[in-house]
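A short write-up of the structure that comes next.
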Amino acid sequence: MRDVLERVADGDLSPAAAEAELRGYATTDDGRFDAAREQRRGVPEAVLADEKTPDEVATLAAAAVETTGRALVTRASDAAATAVRDRLAADHPEVDVTVHDRSGFVVAHAPTFDAPAVPATVAVVSGGTGDAAAAEEAAVVAREMGATVETVHDVGVASIARVLDARETLDEADALVVAAGREGALPTVVAGLVSAPVVGLPVSTGYGHGGEGEAALAGMLQSCTVLSVVNVDAGFVAGAQAALVARRVGAARDTDT
């Protein structure tokens with residue numbers, strides 16, 4: 001503790017970073033950021049922008065960069081993404097910011113951030129273009145957790161040949177996220193083809209009876225092939241779960257060598 005206090009006194013450590021080291025989280029006027037989550041759980045903390053003002057999102061993103069060297073913001077509106085860019089440009093001008101427009105996923109890295117690397121691959125597969133936002137969210141978080149990510153888009157079961165054409169990529173993956181809306185059949189089909197774990201990601205595409213992802217979720221829960229299922233549009237959770245599997249595979253691979 002004394003070392004932390006001395007670094008604060010010397011100006012080498014901010015109060016927020018000191019609190020994160022001592023308590024595991026940083027306190028801001030707009031909430032607390034769980035800086036120790038990745039060390040504790042293996043999954044980095046992300047700032048969910050839904051139901052937060054742009055200023056609140058920006059404050060929490062700045063706290064993330066200050067305490068971990070990285071900020072992940074999910075489902076950011078254009079206003080929230082702009083607020084994050086502006087705040088980080090003012091407070092941490094050396095930080096590199098990337099905005100993934102389709103999913104609203106914002107990623108910020110400080111130059112000192114040491115990105116993890118996992119010798120394993122996650123394949124993120126989507127049924128159609130309408131499923132791409134949820135799939136992108138899964139791909140970004142899996143990549144941020146260190147996995148190599150391969151994407152396979154627009155291979156819905158309305159033309160099963162498209163899935164079969166991607167068979168080599170699917171077979172080589174150590175874990176897969178498969179996103180689909182409407183009746184949600186694609187994850188069941190893919191899980192019947194590959195030996196790696198499959199995470200089904202139901203997407204809120206589709207309309208009428210069972211629309212908004214309800215039929216997709218129900219179909220995946222009733223799958224006759226073995227797969228795990230997350231909530232509707234829960235791309236972050238699906239990508240993180242697949243990356244955790246990949247991390248275990250990578251660790252085993254390192255042990256074998």
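Atom set for the values below is all heavy atoms of this structure, side chains included, hydrogens, waters and symmetry mates excluded. When a residue number appears, it is its place in the shown sequence, counting from 1.
- Annotation: the span from T121 atom OG1 to L176 atom CG amounts to 10.0 Å, rounded to 0.5 Å.
- Under the 3.5 Å distance criterion, the side-chain polar atoms of R70 are left unmatched by any main-chain donor or acceptor of P44.
- Side chains of V163 and L170 form a contact here, defined as non-hydrogen atoms less than 4.5 Å apart.
- No more than 12 heavy-atom neighbours from other residues, nucleotides or ligands sit within 6.0 angstrom of CG on D78.
- Atom CZ of R248 has 12 or fewer heavy atoms from other residues, nucleotides or ligands within 6.0 Å.
- Here the side chain of R102 pairs no donor or acceptor atom with the backbone of A135 at under 3.5 angstrom.
- The closest side-chain heavy-atom distance from P202 to V229 is below 4.5 Å.
- Heavy-atom contacts from other residues, nucleotides or ligands closer than 6.0 Å to CD of E183 number more than 12.
- No side-chain heavy atom of E66 sits less than 4.5 Å from a side-chain heavy atom of D91.
- The stretch residues 194-237 participates, sequence neighbours left out, in no ring pair (Phe, Tyr, Trp, His ring centres under 6.0 Å) pair at all.
- One distance of note links CG of L221 with OG1 of T188; it measures 10.0 Å at 0.5 Å rounding.
- Proximity of D233 to R75: side-chain heavy atoms (C-beta onward) are separated by under 4.5 Å at one or more points.
- Counting only N and O atoms by type, the side chains of T59 and D29 include no donor and acceptor under 3.5 Å apart.
- A 4.5 Å side-chain heavy-atom check between M145 and V122 finds every atom pair outside the cut-off.
- Of the possible polar contacts, none joining the D171 side chain to the E168 backbone as a donor-acceptor pair under 3.5 Å is found.
- Looking at heavy atoms from C-beta onward, E45 lies out of side-chain contact with T68 at the 4.5 angstrom threshold.
- Within the structure, ring pair (Phe, Tyr, Trp, His ring centres under 6.0 Å) contacts touching residues 74-122 (residues at least two apart or in different chains) are H109-F113.
- For the pair V245 and D174, the minimum side-chain heavy-atom distance is 4.5 Å or more.
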